[in-house]
Amino acid sequence: MGERTGTGDPIRSGDTLVPARACDDRSVVTPYYVCGPTASGKSSLAIELALKHHGEIVNADAFQLYRGLEIVSAAPSAEEQAHVPHHLYGVLDPTESADAQLYVKLVKPVIAEIQSRGKTPIITGGSGLYLKFLTHGAAPLPTGDAALRAEMDERPLEDLVAQLTKLDPVEASRTALQNRRFVSRALEICLLSGQKASDLRDGWEKQTAEISSQLRGFVIQRTRADLHARIALRTRGMLDGGALEEVAALAEISNNCEKAIGFREVRALLNGEIDRSTCEELINAATRQYAKRQETWFRREKWLEPHVL
RNA sequence: GGCCCGAUAGCUCAGUCGGUAGAGCAGUGGAUUGAAAAUUCACGUGUCGGCGGUUCAAAUCCGUCUCGGGCCA
């Protein structure tokens with residue numbers, strides 16, 4: 001792990017980790033959430049917490065779910081994992097495709113199992129949507145359909161917008177219509193369910209307040225300059241530490257991880273399309289932008305206690 | 001030493017017949033209900049290398065200096 005916070009206990013007082021409520025509630029130990037932007041130091045902080053409070057770490061990162069993407073996704077190393085039990089890292093084959101729903105399906109039993117042993121699940125990761133589904137539940141919507149999506153991808157956006165507007169004007173009016181992803185998902189819900197997405201899809205603002213009050217966790221905050229420096233350092237380490245071999249091996253079996261930052265860039269490097277320093281800078285820029293989006297996401301999760309490093 | 005080309009936003013560059021400048025990238029802020037490391041929206045004042053000159057008006061024309069790059073010696 002090689003890094004220390006230097007600020008002592010990552011949460012204000014160690015007692016807040018396992019709330020008193022857990023004692024009344026017999027076997028249930030409230031999970032603790034460790035969130036924050038990429039490269040902010042979630043993993044090592046989580047390990048520290050786990051050691052101190054009999055916790056076990058549970059992944060909440062969309063890409064660390066995959067096997068064979070450990071280096072590029074900056075998954076905890078074998079050495080780190082040896083300190084304390086880690087769950088849901090490298091459990092999916094790169095040919096499988098994950099989504100937030102699948103994640104919830106995978107993670108819930110894991111959390112329950114840890115709790116049943118009287119340990120604290122320490123849920124660690126930066127995938128905001130996955131965490132949101134876990135913490136605040138999901139509306140009863142149809143699962144994504146690959147064939148339908150492929151079909152919609154062929155059609156011009158205006159076409160999809162027109163159809164959505166016709167089928168469900170309410171949903172259309174509250175969807176960012178320039179965002180192809182959002183439009184096609186809304187349309188997909190209508191087509192697959194035969195109902196209006198706007199009827200099925202409920203804002204989770206309603207439930208947020210009461211659910212959020214039960215949740216415990218923190219979001220790591222660092223200055224941009226600090227974060228950018230850490231990102232640059234990590235990217236360097238990845239490229240020196242086997243990312244090329246990892247991507248080369250992965251590229252042969254699946255393009256599924258194409259969306260992972262670093263995958264495309266390293267593949268371009270391997271193909272001789274860009275040089276190493278360009279590759280490094282592209283990864284850095286993409287990672288910085290991702291970190292910023294994560295910060296935007298977590299800023300809205302008011303239940304997360306800020307933890308400034 | 002002589003000649004030529006370049007110097008404009010953090011970076012790469014565009015800028016017509018002179019009317020005080022705008023793209024991409026980077027950066028910043030936002031959105032986010034089963035693709036989310038995804039997708040998407042908004043945000044553009046900078047001694048136009050310096051100094052002088054011509055002109056009502058100069059990034060643009062002229063002179064000169066500085067710094068790059070090239071060619072000839």
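Order of the sequence lines sets the chain letters (A, B, ...), proteins ahead of strands, with each chain counted from 1.
A residue-by-residue look at Leu102(A) and Asp61(A) shows that Leu102(A) has its nearest nucleotide of RNA chain B further toward the 5' end.
Using a 4.0 Å cut-off, some side-chain N or O of Gln289(A) falls inside it from OP1 or OP2 of G27(B). Taking side-chain N and O atoms only, Lys259(A) has a distance below 4.0 Å to OP1 or OP2 of A36(B). Under 4.0 angstrom from either OP1 or OP2 of A37(B) there lies no side-chain N or O belonging to Thr38(A).
Note: CG (Asn59(A)) to C1' (A37(B)) measures 13 Å, nearest angstrom. Atom CD1 in Ile274(A) sits about 17 Å away from atom P in C25(B), given to the nearest Å. For the pair Lys132(A) NZ and A37(B) P, the interatomic distance rounds to 15 Å; values are reported in whole Å.
Counting only N and O atoms by type, the side chains of Ser43(A) and Glu80(A) include no donor and acceptor under 3.5 Å apart.
For G34(B), the O4'-C1' to base torsion is within 90° of 0; the nucleotide is therefore syn.
Remark: the Lys292(A) side chain and the G27(B) base include no donor-acceptor N/O pair separated by less than 3.5 Å.
Taking the P atom of each, C13(B) and U39(B) are spaced 28 Å apart, rounded to whole Å. For the P atoms, the distance linking C11(B) with U54(B) amounts to 34 Å, nearest Å.
Ala176(A) comes within contact range of no nucleotide atom at all, as no heavy-atom separation falls under 4.0 Å.
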